[in-house]
Amino acid sequence: MQLLIVSWLLLLTGGILAPALGRRPLAAALVGGGSAALGSLAGLAMAAGALANGQTAGLALATTIPGLTLSLRLDPLAAFFLIPVHLLGLLGAIYGVGYLRGHEGRLPGLHWLFYNLLVASMSVVIAAANALLFLFAWEGMSLASFFLVVTEHREPATARAGLIYLLATHLGAALLLGGFLTVGAFAGGFDFSAFAALSHLPGPTASLLFILLLLGFGSKAGLFPFHVWLPEAHPAAPSHVSALMSGAMVKTALYGLVRFLLFLPSAPGWWGGTLMALGLAGALFGIAMSAFQNDVKRGLAYSTVENVGLILLALGLWLFCRGRYPQLAALALTGALTHILNHALFKGLLFLGAGSLLHGTGSRNLNRLGGLMRRMPATGLCLVVGALAVTALPPANGLLGEWFIYRGFLEAGVRLKGLAAFFPLVIVGLLALVGGLALLVFSRLIGIALGGEPRDSRTELAHESGALMLVPMFVLAGLCLAGGLAPSLLLGPVLRVAGMIEPPAAPLLAQAGLLPLWLGGLAQGLTLLLALTALLGRWRRPRRAETPAVPTWGCGYLFPTRRMAYSAEGFSELAGVSFFCDCLRPRIEGGRSVRLFPGREVFRHQAPDLVLEAGFLPLFAWVAARCNRLRRLQSGLVHIYVFYIFSVIVALLGWVAVRL
Amino acid sequence: MTMLIRLFWHLALLLGLSPLLLGVIAKTKAGFAGRKGPPLVQPYYDLARLFRKDMVISRTTTWLFRAGPVAGLTAPLVASLFVPFGAIGAPLGFDGDLIFVIYLLGLSRFCTAVAALDTGSAFEGMGAAREVTFACLVEPTVFFVLIVLVRLTGSFSLGGLFGPALAAGWHTAAPSLMLAIFCMLVVTLVENCRIPFDDPTTHLELTMIHEVMVLDHSGPDFGMILYGAAMKLLLLGAMTVGLALPVSLGSAPLDAAVFALAMLLLAVLIGVVESVIARLPLLKVPQLLIGTSLLSFFALILLLR
């Protein structure tokens, strides 16, 4: 436990010192980034140690605030979720020093203050064993990440993104507050140790609590339809912050959900059903929207919505099968946990890679990129590894988690009788559709951004990022491959946590031969064979003259130009036309010239979020119109305000008098 | 020992038989058109010629371009080790390998599509887009067909799905299996770019799907792609044949001969289909694929009722 507190102290001291250094970018980066890296390293060591020995450590300090004790608890579940937080915290800090060099702004230390606060508060959220402490840290996390999102607040798009994020996160926090107050009232205290009483909650109250917690945590996790802030906030934030938010912060919400579900009494079937339905909707919607995004980071944010959907789908199956089908529950839980860890690794990698592209070319628009594999080979290699992982292709790590999820639903389809088997089997087919679309999205990202010729003159001058940015990316890419080639590295921690939540999980899976350690051997064999085939091709060549290099064949066009290359919109157009419903399709304006002498044409392509545009914005406009009536209370006359204060005091006094 | 014998027959069939299928298809089509057609072993000559040739490589490309053929050859090779060839069991298999095999084919698709985009050619980008879009619609069909088999046999390994366990299934769930065979046949046609979905011999790049992706590959690289494609045809064909013929004669050489015969018949069938059906307009293809998905879904419902 001490190591974790040392980590928080390091983060806080460094964070406060960095802005105090004033306008010295180098010193601020050294103090801020250095303390973030060191603090995260200490936290990572603590989490890894706690996970390895499986012990639960605790600490409790009383405070004078009613209900709040500073109680901390580090069990395997908490330690497991601390790993992405501190791993990405560490790598993001190193990357950030390189990424921000030259773009520090007026007070370079300020960024590090918020960055360190974000890492520390995420860590406190996970280690907290008191609901109020949890909520305080949760709020700190939301605010720190808000300030990081609006780093470039002078741009209107960023300001809008920040506002949407702030609203979404606070509406979620309000629901959480409601949930926690209910919990506190029933349990008679806010310490997690008192929450054992919750397992006797009557059914309707428990269901109400479940809904409150699902919406509260879901709005942070990117649960459909509360995902709307993700595609706005992720592109606006600096890339290492996007990586941290997508890889770690979203996971703290999943942690909260799992943690509180364990306190609640055994779940009725519709809880799991709701989670599965929302998860599936999120997965399909997220990946479909991702296919239409031209902004690299916006596309990645939608892919996060998809992956969170997959995780929630697996958690839903776990919740549904808990206590009824232990083997299914074990499969689903293992799948969810594996995918949580995997997603942190590959989405962190992809966001860092996208940041590197942005840093090298100055653009996030796919239609301005191209030909970057030549200009940024190291970034390109890392992005390819990340793309393989996110599309769950062997030999990367992504397949492992998806294998468990597929296997869980297949098993459910075979075990359940009659019509009940129908839904899990349909979900398997839809998972395959999600997988196919993910392949479309990421072959588009890699092929359009890295392959071909640059589509813009600025992209031609792209430069590779420095070592500070490349090293964290290589670490993550290495971890992605290691997870695929040696699944026991991932399965070890995952099974320990699964064993804490469902004690018979690990032996059940091991007995039934359901641990896909085969996948590791196969991935190794596949890699070896791929390398052999590639070498065979090379080995044959030197006997002959050097391979002639010519331009790409233009299919008979004499002067092909780079502007004829396939565009990002074009790549996903067929999918949009052939099997998406109209409402999801991007909005297209102009670009069609039918006159005899074509003039200048402007082509606009936008893929706005349906839920935001047709759901939340009109809803909030409606609420704002209704709230306008309340403005009459706000007269601006001081004596009226004094009257309000006076009447509230009288009412309070009356209430106290009655209570006494 | 049996394992080694199995592996031997498996690899012999895979490496030896797969190009012949292409030859049989071409011969059948020639017969329908009243031509003599190339000799049956022409694909072997083609492969040998390609592997002896030099390569021409576009200046635009990087290692991504070279990785396409490598994955295009290796992934079907590894994937086929999990698929039983008739009564000759699969040399490899584990619980849940069907997911691995499908994602392995995904790997070859990803690498081929990225290699196509790496050339920067508009035509090849178009082909890549079509390939990955149609694959989105094919994958649910494959999964639904496999689910029907999983539900019938209770096994989660491809080796156990197509084996003798299916013979009992034919007695109880023949309608579902008939639908499954049809769907698998469609999948075989789509994935191997045959008419009515794609025409590998057309002269117009604008209308191609798979062939246009590999326009810039030449020499040994192109040979690898062709050989990989032939193996993929054998692999998916083996699944179709395995569905229709769940019988075993008890001796490995006989079983191999039966399987080879069945595959050649399938190749003739593909040739007939290619000769008598016109190619679909491109925008009709997704409709047919969605229809096939629904059919496979219906097979599942028939089984669950």
Trainee: Is it the case that atom CZ in Phe94(B) sees more than 12 heavy atoms from other parts of the structure closer than 6.0 Å?
Mentor: yes

Trainee: Who wins among Gly106(B), Ala75(B), Pro69(B) for the most heavy-atom pairs under 4.5 Å with chain A?
Mentor: Gly106(B)

Trainee: Examine whether an atom of Asp95(B) lies under 4.5 Å from a heavy atom of chain A, and if so say whether it belongs to the side chain, the backbone or both; otherwise answer neither.
Mentor: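 Contact with chain A: backbone and side chain both.
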
Trainee: Chain B: which of Pro551(A), Ala575(A), Gly413(A) shares the most heavy-atom pairs with it under 4.5 Å?
Mentor: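 Looking at each of Pro551(A), Ala575(A), Gly413(A) in turn, Pro551(A) comes out on top.
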
Trainee: Is it the backbone or the side chain of Leu289(B) that comes under 4.5 Å from a heavy atom of chain A, or both, or neither?
Mentor: neither

Trainee: Relative to chain A, which segment of Leu64(B) carries a heavy atom at a distance below 4.5 Å: side chain, backbone, both, or neither?
Mentor: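 For Leu64(B), the contact with chain A is made by the side chain alone.
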
Trainee: If I measure from the heavy atoms of chain A, does Leu77(B) come under 4.5 Å with its side chain, its backbone, both, or neither?
Mentor: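 Contact with chain A: side chain only.
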
Trainee: Let me know if Ala128(B) has heavy atoms under 4.5 Å from chain A in its side chain, its backbone, both or neither.
Mentor: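 Contact with chain A involves both backbone and side-chain atoms of Ala128(B).
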
Trainee: Do you know the tightest heavy-atom contact between Ser443(A) and Val132(B)?
Mentor: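 That would be OG-CG1, 3.8 Å.
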
Trainee: Looking at Ile102(B), Val138(B), Leu283(B), Val114(B), which has the largest count of heavy-atom pairs under 4.5 Å with chain A?
Mentor: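 The answer is Val114(B).
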
Trainee: How long is the gap from CE on Met564(A) to CZ on Phe123(B), to the nearest 0.5 Å?
Mentor: 7.0 Å

Trainee: Looking only at heavy atoms and a cut-off of under 4.5 Å, which of Leu304(B), Leu282(B), Leu146(B), Leu117(B) has the most pairs with chain A?
Mentor: Leu117(B)

Trainee: Would you say the side-chain atoms of Arg66(B) pair up with the backbone N or O of Ala534(A), donor to acceptor, closer than 3.5 Å?
Mentor: no

Trainee: Check step by step if side chain to side chain contact (heavy atoms under 4.5 Å, CB included) holds for Trp63(B) and Val384(A).
Mentor: CA-CA 11 Å; Trp63(B) 62 268; Val384(A) 170; 4.2 Å; yes

Trainee: With sequence neighbours excluded, tell me which residues meet side-chain hydrogen bond (donor to acceptor under 3.5 Å, both in side chains) with Arg455(A).
Mentor: none

Trainee: Which bit of Val78(B) is near chain A, if near means a heavy-atom gap under 4.5 Å: side chain, backbone, both or neither?
Mentor: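 The side chain, not the backbone.
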
Trainee: Using a cut-off of under 4.5 Å for heavy-atom pairs, which of Arg109(B), Glu139(B), Glu124(B), Arg151(B) has the most such pairs with chain A?
Mentor: Arg151(B)

Trainee: What's the separation between atom CG in Asp118(B) and atom CG in Leu450(A), rounded to the nearest 0.5 Å?
Mentor: 8.5 Å

Trainee: Closer than 3.5 angstrom, by distance alone: can the side chain of Thr552(A) be matched with the main-chain N or O of Gly120(B) as a donor-acceptor pair?
Mentor: no

Trainee: Determine the option with the most heavy-atom pairs under 4.5 angstrom with chain B, choosing from Ile446(A), Leu530(A), Ile448(A), Leu381(A).
Mentor: Leu530(A)

Trainee: Measure across Met373(A) and Thr62(B) and return the closest heavy-atom pair with its distance rounded to 0.1 Å.
Mentor: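 For Met373(A) versus Thr62(B), the nearest heavy atoms are CG-OG1, 3.5 Å.
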
Trainee: To the nearest 0.5 Å, what is the distance between SG (Cys111(B)) and CG (Leu388(A))?
Mentor: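 It comes to 6.5 Å.
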
Trainee: Side chains of Leu98(B) and Leu410(A): does their closest heavy-atom pair fall under 4.5 Å?
Mentor: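 Yes, side chains in contact.
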
Trainee: Within a reach of under 6.0 Å around CZ of Arg368(A), are more than 12 heavy atoms found that belong to other residues, nucleotides or ligands?
Mentor: no

Trainee: Who among Leu92(B), Ile301(B), Leu73(B), Leu104(B) has the most heavy-atom pairs with chain A under 4.5 Å?
Mentor: Leu104(B)

Trainee: When only pairs under 4.5 Å are counted, which of Phe297(B), Phe100(B), Phe156(B) shares the most heavy-atom pairs with chain A?
Mentor: Phe156(B)

Trainee: Taking only heavy atoms into account, what residues of residues 565-573 of chain A are found under 4.5 Å from chain B?
Mentor: Ala565(A), Tyr566(A), Phe571(A)

Trainee: Pairs under 3.5 angstrom only: tabulate donor-acceptor contacts from the side chains of residues 392-404 of chain A to other protein residues two or more places apart or in another chain.
Mentor:
| residue | atom | partner | partner atom | Å |
| --- | --- | --- | --- | --- |
| Asn397(A) | ND2 | Asn342(A) | OD1 | 3.0 |
| Glu402(A) | OE1 | Tyr103(B) | OH | 3.4 |
| Trp403(A) | NE1 | Gly96(B) | O | 3.0 |

Trainee: Looking at Leu529(A), Leu528(A), Thr527(A), Leu532(A), which hits side chain to side chain contact (heavy atoms under 4.5 Å, CB included) with Thr74(B)?
Mentor: Leu529(A)

Trainee: Please tell me if the side chains of Thr60(B) and Arg374(A) come closer than 4.5 Å, counting only heavy atoms from C-beta onward.
Mentor: no

Trainee: Rounded to the nearest 0.5 Å, how far apart are OG of Ser58(B) and CD of Glu453(A)?
Mentor: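 CD of Glu453(A) is found 7.5 Å from OG of Ser58(B).
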
Trainee: With respect to chain B, which residue among Gly371(A), Gly451(A), Ala531(A) yields the maximal number of heavy-atom pairs within a distance under 4.5 Å?
Mentor: Gly451(A)

Trainee: As an exercise, state the distance from CG of Leu107(B) to OG1 of Thr391(A), rounded to the nearest 0.5 Å.
Mentor: 8.5 Å

Trainee: Please tabulate, for side-chain N and O atoms in residues 420-442 of chain A, each donor-acceptor pair with protein atoms closer than 3.5 Å (sequence neighbours left out).
Mentor:
none

Trainee: By a 4.5 Å heavy-atom criterion (distance strictly below it), what part of Phe65(B) contacts chain A: side chain, backbone, both, or neither?
Mentor: neither

